[in-house]
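All heavy atoms count here, side chains included; hydrogens, waters and symmetry mates do not.
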Amino acid sequence: MNLLGCWGLPQERARWLAEIESAGCVRGFEVELRRQDGELIWVRENAYAQRARDGTFLYYEGLLEDITERRRMDEELRRHRD
């Protein structure tokens, strides 16, 4: 699944960047993304900024977990409770 360039909302990308820049990592960051085929999915991300010894940014490394089904089930439970 290719998720490059698929941020649903620009403010979510800005929130992710602010968090990883200030803390050096993001943990449990949940966001809705758009796949190349147009489908919206929810992911949880853990990532960190890899830096050189002098502190300059090299790259981001992390893992995305598709939590779409869990989010759908949570929403369904909320609807049944309400």
Side-chain angles (χ1 to χ4, degrees):
M1 167 174 37
N2 185 347
L3 293 172
L4 296 176
C6 62
W7 286 85
L9 299 171
Q11 59 267 34
E12 290 299 322
R13 176 73 171 158
R15 186 170 65 96
W16 185 89
L17 282 170
E19 188 171 329
I20 203 164
E21 288 298 320
S22 68
C25 65
V26 293
R27 297 202 193 293
F29 188 92
E30 293 187 9
V31 66
E32 190 174 37
L33 302 178
R34 184 174 302 280
R35 295 184 346 178
Q36 279 186 325
D37 65 5
E39 181 181 355
L40 290 172
I41 63 169
W42 279 93
V43 299
R44 176 185 296 133
E45 182 172 9
N46 295 304
Y48 68 94
Q50 182 66 41
R51 298 188 180 275
R53 289 179 195 242
D54 66 2
T56 57
F57 168 77
L58 296 173
Y59 58 89
Y60 299 119
E61 186 169 5
L63 176 69
L64 294 176
E65 175 188 6
D66 186 340
I67 59 169
T68 306
E69 191 59 33
R70 190 205 79 204
R71 295 284 296 230
R72 286 181 184 148
M73 290 171 55
D74 289 347
E75 181 60 31
E76 187 69 25
L77 284 171
R78 273 197 269 327
R79 276 187 272 164
H80 284 297
R81 277 185 254 160
D82 294 342

Let me check something: any side-chain donor-acceptor pairs from residues 55-63 under 3.5 Å, sequence neighbours excluded? List them with distances.
residue : atom : partner : partner atom : Å
Thr56   : OG1  : Asp54   : OD1          : 2.8
Tyr60   : OH   : Glu21   : OE2          : 3.1
Glu61   : OE1  : Tyr48   : OH           : 2.7

Exercise for the section: Give a yes or no on whether a salt bridge exists between Arg72 and Glu75, defined as a side-chain N under 4.0 angstrom from a carboxylate O. Expected result: no
Handout entry: Under the salt bridge (charged side-chain N to carboxylate O under 4.0 Å, His left out) test, residues paired with Arg53 that sit two or more places apart
Key = none
Exercise for the section: Flag the pair Asp74 and Arg70 as a salt bridge only when some basic side-chain nitrogen lies within less than 4.0 angstrom of an acidic carboxylate oxygen. Expected result: yes
Exercise for the section: Not counting sequence neighbours, which residues clear salt bridge (charged side-chain N to carboxylate O under 4.0 Å, His left out) with Arg15? List them please. Expected result: Glu12
Handout entry: Non-hydrogen atoms of Leu33 and Val43 that approach each other most closely
Key = CD1-CG2, 3.5 Å
Completion exercise
Heavy atoms of Arg34 and Gly38 approach each other most closely as NH1-O, 2.7 Å
Handout entry: Arg71/Glu32 salt bridge by N-O under 4.0 Å criterion
Key = no
Exercise for the section: Enter the distance from Ile67:CD1 to Glu69:CD here, rounded to the nearest 0.5 Å. Expected result: 11.5 Å
Practice task
Indicate, with yes or no, if Phe29 and Trp42 share a hydrophobic cluster defined by side-chain heavy-atom contacts under 4.5 Å among Ile, Leu, Val, Met, Phe, Trp and Tyr.
Solution key: no
Problem - Arg51 atom CZ: more than 12 heavy-atom contacts under 6.0 Å - result: yes
Exercise for the section: Indicate yes or no for a side-chain donor-acceptor contact from Asn46 to the backbone of Gly28 under 3.5 Å, with no hydrogens or angles considered. Expected result: yes
Exercise for the section: Quick one: pull up CZ in Arg35 and OG1 in Thr68 and give me the separation to the nearest 0.5 Å. Expected result: 8.5 Å
